[in-house]
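Remember, predicted model here, so these are calculated numbers, not experimental data. Residue numbers start from 1 in every chain, and the chains themselves are labelled A, B, ... in the order their sequence lines are given, proteins ahead of strands.
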Number of protein chains: 2
Amino acid sequence: MSYVEVSYLGQVSHGGTILGMKSAVSTPTQLVTLIETEAWPIGTRLRAQTLADRLRVSRTPVNEALQLLEEKGVVRRERNRGYFLAKATADIPVALLGELRQSEDDTIAAIYFRIAEDRLQGLLPDTFSEAFLRTRYRLTPGQLNAILSRIALEGWAERKPGYGWSFSSMLTTPDSLLKSYRLRLALEPAALLEPGYRLDRQVLARCRAAEQHLLDGGIETDSADQLHDRGVHFHESLVEASGNAFFIDAIRRVNRVRRLLSYRSMRDRKRYGEHCHQHLELLRLLEQEKNLEAATAMREHLGSTICNLERISELLQATLATTAATAHPAQRKKRKLP
Amino acid sequence: MSYVEVSYLGQVSHGGTILGMKSAVSTPTQLVTLIETEAWPIGTRLRAQTLADRLRVSRTPVNEALQLLEEKGVVRRERNRGYFLAKATADIPVALLGELRQSEDDTIAAIYFRIAEDRLQGLLPDTFSEAFLRTRYRLTPGQLNAILSRIALEGWAERKPGYGWSFSSMLTTPDSLLKSYRLRLALEPAALLEPGYRLDRQVLARCRAAEQHLLDGGIETDSADQLHDRGVHFHESLVEASGNAFFIDAIRRVNRVRRLLSYRSMRDRKRYGEHCHQHLELLRLLEQEKNLEAATAMREHLGSTICNLERISELLQATLATTAATAHPAQRKKRKLP
DNA sequence: TTTTGCATATTGAATACATAAAATGCAATA
DNA sequence: TATTGCATTTTATGTATTCAATATGCAAAA
């Protein structure tokens, strides 16, 4: 193999690594998502600074996004007065959303998930070099670094002292998902008992509305991704109300990894209705500041999921036992191979 | 201000950012630390591959380190047979250790700590640009990036969607340390109750030896850093035995931030003796696989520290109240400043 | 058979420059 | 007086190249 490698757009790249990853999602996409999830009415005035503050960027990318959305007919511009919402939530064409999501960042996310998937399936060695990833997934140096930074942040691989990287055991064992739930079982009820716990009324209302949406048919109509996100959002909102940055950080981290694991677990929608009612009950208890009872309810809520996972895990292992011998790719020895 | 800035070695730098941070500590330092902490006897054969595996690098840096140590007289070389330990642990001159620690990496660590300290003292704004840090601390692009990567990994600052960074609340509030303990209180007892918990006999023995060393005078003679590290090591060892990567990751992360906070808290050595006995009791319980009792003991152990912290916190706040008006730097408004 | 010693191959960081993207100041306008 | 619209400034990434640090293959020695 030569030193010089041709990367996926045909440029020749030699090395050189950059931090990368400005934002996970492009501004237009985020803007549409915001309008969508908060169901803004037609005619709403869209102030640049307000939106910019909301998305944590400056007015420039917001204005560019608005300009784009005007071309697509989602917003209307009045010269020297600004932009106004021209379409109701539901009327935004799905094709447009899809179009907006095809940005470079989403490419990076896609490759990121592919790497996680490959790792879960045992297709990647325990240690690897950056060059290995670059060639295997046809990455530019920038993409490579965006991905590695993200993986390091999520904690499922880490830089070795010398050259190279090694995976942590987060994604290796078949019961990783179960283990992530056990961490949540330790953390989330405790978060509800933090001194100074305070669930903002607005946050509470939004959470309640989301659960109601699910019960009103959302369970069937939402995509698997949306269902997952809503679940994560609910639990993170509750932990955020603890006001303890360490709890929040730990929960966010485990949830980001959990996203990778959830895709592999059986995700039937049967239990979601039950979950909704448990969530609503939790909100009710927290509203009344019955945090002790809420913590117990949370323990039971997570506990029931764990029980379910354990049953699934047993089933899986029984299934694997019959196919393991042939299906599993051979583990390669680290040293001394011809 | 001109576009071009002169960095601290006099080179002109324009931007360009690199991931950086190969290893936290240089190989010679690590090697000496290893020999020191495990108290290897004189004459011990130092096999390159064994050491390399231990330090997670290849034989090359190990061999270079050994060569360096031979020049310093710590190890002895026999041609075609390898290296052997020439000096007993205690006989390694302190000056040599200091010499080895003056590597570039330690510079980065020093600046990293300075930034954390400045942040804790409220000298840094909630959001900042990379250029701001680069000029304020006279950093080369490489150093800048090593530091930012580390900070992002530790979780006390994060990249904003656009340009710029913002600090999380981990280091801002005066009771951050207390909050970190509350997370540990939720995590560590739970870790001891994980199914499949298994504390390796060798690890147990090493922990016990370390506590014994402290009781045998180590509390007085060890440096504050060493005391801190030993405490962290004890608790992380116990959590690692849970076999749950999520618990381990969460505890490691909180401890890395805690290192920054501990420097600011009063650290008298009075309570260390008490801690040692609690630690030994924990080890005894875990050895007998009385994990339920161990979890309770852990809860009490951490709980007593929290009580102590709360008392200190009250004292501090009382003190601050009298000096706050003048001592606190004025919070600057984000926008619209001349 | 294992380990050393050394030459060679590979890795990824440092540097410099060019450029796209985002932040910001301010006059014009509602 | 707040907001828009736009020009300008600032920020940080992309690309190409060089080079020091690290990894590794293999003959020689124990």
Side-chain angles (χ1 to χ4, degrees), chain A residues 1-4 7 9 11-23 26-27 45-50 52 56-64 66-67 77-83 127 129-132 134 140-146 148 159-165 335-338, chain B residues 1 3-4 7 9 11-23 26-27 45-50 52 57-64 66-67 77-83 127 129-132 134 140-146 148 159-165 335-338:
Chain A
M1 191 164 68
S2 146
Y3 281 38
V4 176
S7 72
L9 283 177
Q11 312 108 325
V12 175
S13 64
H14 297 258
T17 48
I18 299 141
L19 194 62
M21 187 167 62
K22 199 182 299 301
S23 78
S26 67
T27 311
R45 185 162 184 187
L46 305 169
R47 268 174 254 266
Q49 187 63 58
T50 313
R56 305 182 66 201
V57 293
S58 73
R59 278 151 38 222
T60 307
V62 169
N63 280 326
E64 279 168 10
L66 286 169
Q67 213 169 310
R77 178 178 193 176
E78 290 184 24
R79 182 76 198 176
N80 281 327
R81 286 203 63 227
Y83 294 89
T127 67
S129 72
E130 297 188 9
F132 170 80
R134 215 170 58 207
T140 63
Q143 292 176 317
L144 173 75
N145 242 285
L148 281 177
R159 180 182 287 284
K160 285 199 291 182
Y163 288 143
W165 291 70
R335 289 169 58 204
K336 295 224 176 173
L337 274 179
Chain B
M1 192 163 69
Y3 282 36
V4 176
S7 72
L9 283 177
Q11 312 109 325
V12 175
S13 63
H14 297 259
T17 47
I18 299 140
L19 195 63
M21 186 167 63
K22 200 182 299 300
S23 79
S26 67
T27 310
R45 184 161 184 188
L46 305 169
R47 267 173 257 264
Q49 188 63 57
T50 312
V57 292
S58 72
R59 279 151 38 220
T60 307
V62 169
N63 279 326
E64 278 169 10
L66 287 169
Q67 213 169 308
R77 179 178 192 176
E78 288 184 24
R79 183 77 198 174
N80 281 328
R81 284 204 65 227
Y83 293 91
T127 68
S129 71
E130 297 188 8
F132 170 80
R134 214 171 59 208
T140 64
Q143 293 175 316
L144 173 75
N145 240 285
L148 280 177
R159 179 182 288 281
K160 285 201 290 182
Y163 287 147
W165 292 70
R335 291 170 56 204
K336 295 226 175 170
L337 274 180

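Each end of the helix from C:dT1-D:dA30 to C:dA30-D:dT1 gets its own axis, taken as the rotation carrying the C1' atoms of four end pairs onto the next four within a five-pair window, and the two axes meet at 60° to the nearest 10 degrees.
Taking each heavy atom of A:Pro161 and B:Val57 in turn, the nearest pair found is CB-CG1, 3.9 Å. In terms of heavy-atom proximity, B:Ala48 sits nearest to B:Asn63 at CB-OD1, 3.8 Å. Across A:Glu130 and A:Trp165, no two heavy atoms sit closer than the pair OE2-NE1, 3.1 Å. Residues B:Leu46 and B:Leu66 share a closest heavy-atom pair of CD1-CD2, 3.9 Å.
Contacts of B:Arg81 classified as salt bridge (charged side-chain N to carboxylate O under 4.0 Å, His left out), with partners at least two apart in sequence or in another chain: B:Glu78. Residues meeting the side chain to side chain donor-acceptor pair (under 3.5 Å) test with A:Arg47, sequence neighbours left out: none.
Atom pair A:Leu144:CG and C:dT11:P shows a separation of 12 Å (rounding to whole Å applied). The separation between B:Gln49 atom CD and C:dT3 atom P is 9 Å, rounded to whole Å. Atom CG of B:Leu148 is separated from atom P of D:dT13 by 10 Å (rounded to the nearest Å). Going from atom CZ of B:Arg134 over to atom C1' of C:dA14 covers 14 Å, rounded to whole Å. Here the P atom of nucleotide C:dT10 and the CZ atom of B:Arg59 are 16 Å apart, to the nearest Å. One can place CG of A:Asn145 at 14 Å from C1' of D:dT15, the figure rounded to the nearest angstrom. Atoms CD (B:Glu64) and P (D:dA23) sit 11 Å apart, rounded to a whole Å. In this structure, OH of B:Tyr163 is placed 10 Å from P of D:dG14, rounded to the nearest angstrom.
Distances shown here put a side-chain N or O of A:Arg159 below 4.0 Å from the OP1 or OP2 atom of C:dA13. An OP1 or OP2 oxygen of D:dT11 is reached within less than 4.0 angstrom by a side-chain nitrogen or oxygen of B:Ser129. The phosphate of C:dT2 (OP1 or OP2) has no side-chain N or O of B:Arg45 nearer than 4.0 angstrom.
When distances are taken from the side chain of A:Thr60 to each of C:dA23, C:dG12, D:dT22, the shortest belongs to C:dA23. Picking from D:dT24, D:dT13, D:dG5 the nucleotide with the shortest atom distance to the side chain of B:Ser58 gives D:dT24. In this structure, the nucleotide among D:dA30, D:dT22, C:dT3 sitting nearest to the side chain of B:Arg47 is C:dT3. Proximity note for A:Ala131 (side chain, C-beta onward) versus C:dA30, D:dA30, C:dT11: the nearest is C:dT11. The side chain of A:Pro61 has C:dA22 as its nearest neighbour among D:dA12, C:dA13, C:dA22.
A donor and an acceptor atom never sit less than 3.5 Å apart when one is taken from the side chain of A:Thr140 and the other from the base of D:dT15.
With respect to the salt-bridge test (charged N to carboxylate O, under 4.0 angstrom), the residues A:Arg59 and A:Glu64 do not qualify.
Distance check, rounded to the nearest 0.5 Å: CZ of B:Arg134 to CG of B:Asn145 gives 10.0 Å.
Map B:Arg81 and A:Arg56 each onto its nearest nucleotide of DNA chain C; the residue landing nearer the 5' end is B:Arg81. Two residues, A:Thr50 and A:Arg79, neighbour DNA chain D, and the one matched to the more 5' nucleotide by heavy-atom proximity is A:Thr50.
Residue contacts for B:Ala48: at a heavy-atom cut-off of 4.0 Å it reaches the sugar-phosphate backbone alone, with no base atom in range.
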